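Structure first, commentary second.
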There are 2 protein chains.
Amino acid sequence: MKSAPVTIKDIAKALNISISTVSRALRGMPEIHPDTRSAVMRLAEEWDYQPNQLAKNLAKSRTKTIGVIVPNLSYYFFSAMLNSIEDAAIQAGYSVLVCQSNESYLRETMQIQNLLRSQVEGFILSLSRDTSNCAHVERLIQKNVPLVLFDRYADNMAASKVMVDNREAAFKATEHLIENGCRRIAFLAGPPQLVLSNQRLAGYRDALTKHGLYMGDQYVFHCDYTQENTLMQTLALMSLPQPPDGLLTVSDRIAYPAMYAMKQKGVRIPDDVAVVSFNNEPLSSLFSPSLTSISQPIQEMGMETVRLLLRQLEATDGPITPETTVMPTQLVVRESSLRMKSADFLNGVLSS
Amino acid sequence: MKSAPVTIKDIAKALNISISTVSRALRGMPEIHPDTRSAVMRLAEEWDYQPNQLAKNLAKSRTKTIGVIVPNLSYYFFSAMLNSIEDAAIQAGYSVLVCQSNESYLRETMQIQNLLRSQVEGFILSLSRDTSNCAHVERLIQKNVPLVLFDRYADNMAASKVMVDNREAAFKATEHLIENGCRRIAFLAGPPQLVLSNQRLAGYRDALTKHGLYMGDQYVFHCDYTQENTLMQTLALMSLPQPPDGLLTVSDRIAYPAMYAMKQKGVRIPDDVAVVSFNNEPLSSLFSPSLTSISQPIQEMGMETVRLLLRQLEATDGPITPETTVMPTQLVVRESSLRMKSADFLNGVLSS
DNA sequence: TTGTATGCGTTATCAT
DNA sequence: ATGATAACGCATACAA
């Protein structure tokens, strides 16, 4: 039971002037007489007038709003990206509508439709785990709706993308394990339909091959990002006839339960199994052992994503050719992968 | 550069009928002739017609939308609450607009204003860390805008609230520490302006007093929820002339860095210091030692929050008297607080 | 400097 | 069963 909100019509009536004058005064147009303006402002203030954004947007046929859909905001990576995206968007005068797909293809499709109906002018999108069919995204592209994908994208899509060099990152992570004496390196991958998971898998294979350690994918297991599933996959991995002595995981969120399961089994980290992961969440440094992880430049990725979208939003002449930005990663070495032999340690100390 | 979206007017023109007929057909009104309806539907489908939600809402003067403002979605508690709230809201035919205050009072005020302008019909709100002045919320109440606060609320506000029994929870957590042999129990509290922090502080004091262990607040330190600050406070705590042998923290998010700092200092957990915390995040069971924590019924809290809001939204006769729901918590005991003396252990084994 | 009139895309109240 | 037409709250081109 709330009273009807005050409109410019109310103000106009009270002041005995026309609504257009009120409208102009409120928006600070220069042609308005100072007295009129101050009278309008006073009343608006006093009545706590709030412009109706719906009406405003409808009248201008513009919302200056972009829709953001991510799989799940409880993942550090996505909530951090959201913050970065929001900052950049606000900076550019846009506001943001956020939705979660909850890793569901169906929900993703519905969210796109909802946002479309809410007249968002463009999309920033990271695909759900269960999205293999991309017809819904293709339709956006066909309609020339400005769109940028980040992190979780699909191949063969004529859309702008922002991502890190997943292959290279996995390659250097794997090499790091090799340098630390690992010979049987396992990979806890993500769902097979995730491009980024496959790219990281490729980097992992390449590194092993380069060092003559590739023995097929017997050490590759796929996880679905849930804790239970990861625990199971890890146990399966460790009960292999020849258990691994090194482990690469596709995400910190997978590394945590994996490390837990191994510790429960009496496996020492890094001595028995060295671990490297992806994402470098703030928590990864607090675990014991602290977790070596690939860090992504989240801040910059968010800004870049918005930049690519703005380029499309503000394009005047025809559809824009999609751009892809590949950003660099950094391996943050911590305890979970450091197996310093005493000789190496001494060398390190002496040479510094 | 996207082409103008199709409207009912376009469909009407193409079919040579009036827009009202199209509108009715699209909404499945019974009075429409089957042939007309199917013709309209066909074209709408073919052209991928999307109703303009702005226009719809403006015409109906209803948005069926509720605004949710939380401090930060990267906290597990808040993103989990959001999921629960969204589910319940959708269930009731409402959609949700989410905003983060980023723990800033200013931002919180702006978000409220933005949501108000977007014509949300009600608010679900958890106050920012920096919110001590509550004029912005009071104004909502004065305007009779439906509103429910959860978790982070302020006292003396005539609004509906959902929370857990913080005092009781802290009391039983502290008693648990005492039962496990702790005699000098410290409390890493949150910012002093957070009501929930003070309530937990009260429960902590009461438990100590009851057992004759209260020695003033020399063991109470306030954290601001950042990792760095928590590390510092923990180090300060441990360098007290008589360091604590038990630790209660106001949040898992504070417990993680605290445990990390202690381990760095060679403090053994739980032997030297036993730890109990709040929130029972999924990760708390993966740390080593696994973390004893107070669990809140997030799913139920979200549903209850929405229920209280709906009661206001759908009230017809005058303003509703605010309701407060206090929900139960559960102490989930794990390794960080379990100091089983060998005798107890044997008893436990023998009696089972 | 101000007012009038029209439109934004839809719903809803009249008629017909 | 369908068609005009007036809202909804605001912006804006055109008049005055």
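Source: prediction; values computed, not measured. So you know, we letter chains A, B, ... as the sequences are listed, proteins then strands, and number each from 1.
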Return the nearest nucleotide to the side chain of [X]; candidates are [options].
X: Thr36(B); options: dT10(C), dA1(D), dT1(C); answer: dA1(D)
X: His33(A); options: dT2(C), dC10(D), dG9(D); answer: dT2(C)
X: Ile32(B); options: dT2(D), dG9(D), dC8(C); answer: dT2(D)
X: Thr21(B); options: dT2(D), dG3(C), dT11(C); answer: dT2(D)

How many Å lie between [atom1] on [X] and [atom2] on [N], as a whole number?
X: Gln53(A); N: dC8(D); atom1: CD; atom2: C1'; result: 15 Å
X: Met29(A); N: dC14(D); atom1: CE; atom2: C1'; result: 15 Å
X: Ile8(B); N: dA12(C); atom1: CD1; atom2: P; result: 12 Å
X: Lys60(A); N: dG9(C); atom1: NZ; atom2: C1'; result: 18 Å
X: Glu31(A); N: dA13(D); atom1: CD; atom2: P; result: 11 Å
X: Asn16(B); N: dA1(D); atom1: CG; atom2: C1'; result: 16 Å
X: Asn57(B); N: dG9(D); atom1: CG; atom2: P; result: 13 Å
X: Ile19(A); N: dT1(C); atom1: CD1; atom2: P; result: 20 Å

Margin query: Which is more 5' along DNA chain D, the nucleotide nearest Arg37(B) or the one nearest Val6(A)? Just name the residue.
Written below: Arg37(B)
Taking only side-chain nitrogens and oxygens of [X], does any of them come within less than 4.0 Å of OP1 or OP2 of [N]?
X: Arg27(B); N: dA12(C); value: yes
X: Tyr49(A); N: dC10(D); value: yes
X: Lys9(B); N: dG7(C); value: no
X: Ser18(B); N: dG3(D); value: yes
X: Ser20(B); N: dG3(D); value: no

Check: Hey, does Leu54(A) reach any base, or is it just sugar-phosphate, or nothing, if we go heavy atoms under 4.0 Å?
Finding: nothing
Item checked: Cation-pi, Phe77(A) ring and Arg152(A) (6.0 angstrom, 45 degrees) -> no
Note to self: Between Arg311(B) and Glu323(B), does any side-chain N to carboxylate O distance fall below 4.0 Å?
What the structure shows: yes
Check: Taking the nucleotide of DNA chain C with the closest heavy atom to each, which residue, Ala55(B) or Arg24(B), is nearer the 5' end?
Finding: Ala55(B)
Let me check something: any side-chain donor-acceptor pairs from residues 298-306 of chain A under 3.5 Å, sequence neighbours excluded? List them with distances.
from: Glu304(A); atom 1: OE1; to: Arg307(A); atom 2: NE; distance (Å): 3.0
from: Glu304(A); atom 1: OE1; to: Arg307(A); atom 2: NH2; distance (Å): 3.4
from: Glu304(A); atom 1: OE2; to: Arg307(A); atom 2: NH2; distance (Å): 3.0
from: Glu304(A); atom 1: OE2; to: Thr325(A); atom 2: OG1; distance (Å): 2.6
from: Thr305(A); atom 1: OG1; to: Met301(A); atom 2: O; distance (Å): 2.6

Check: Hey, which of Leu73(B), Val98(B), Asn83(B) is the one that makes side-chain contact (heavy atoms from CB on, under 4.5 Å) with Leu73(A)?
Finding: Leu73(B)
Notebook entry, point to check: Can you tell which of Leu309(B), Leu149(B), Ile112(B), Val137(B) makes a side-chain contact (heavy atoms from CB on, under 4.5 Å) with Phe123(B)?
Noted result: Ile112(B)
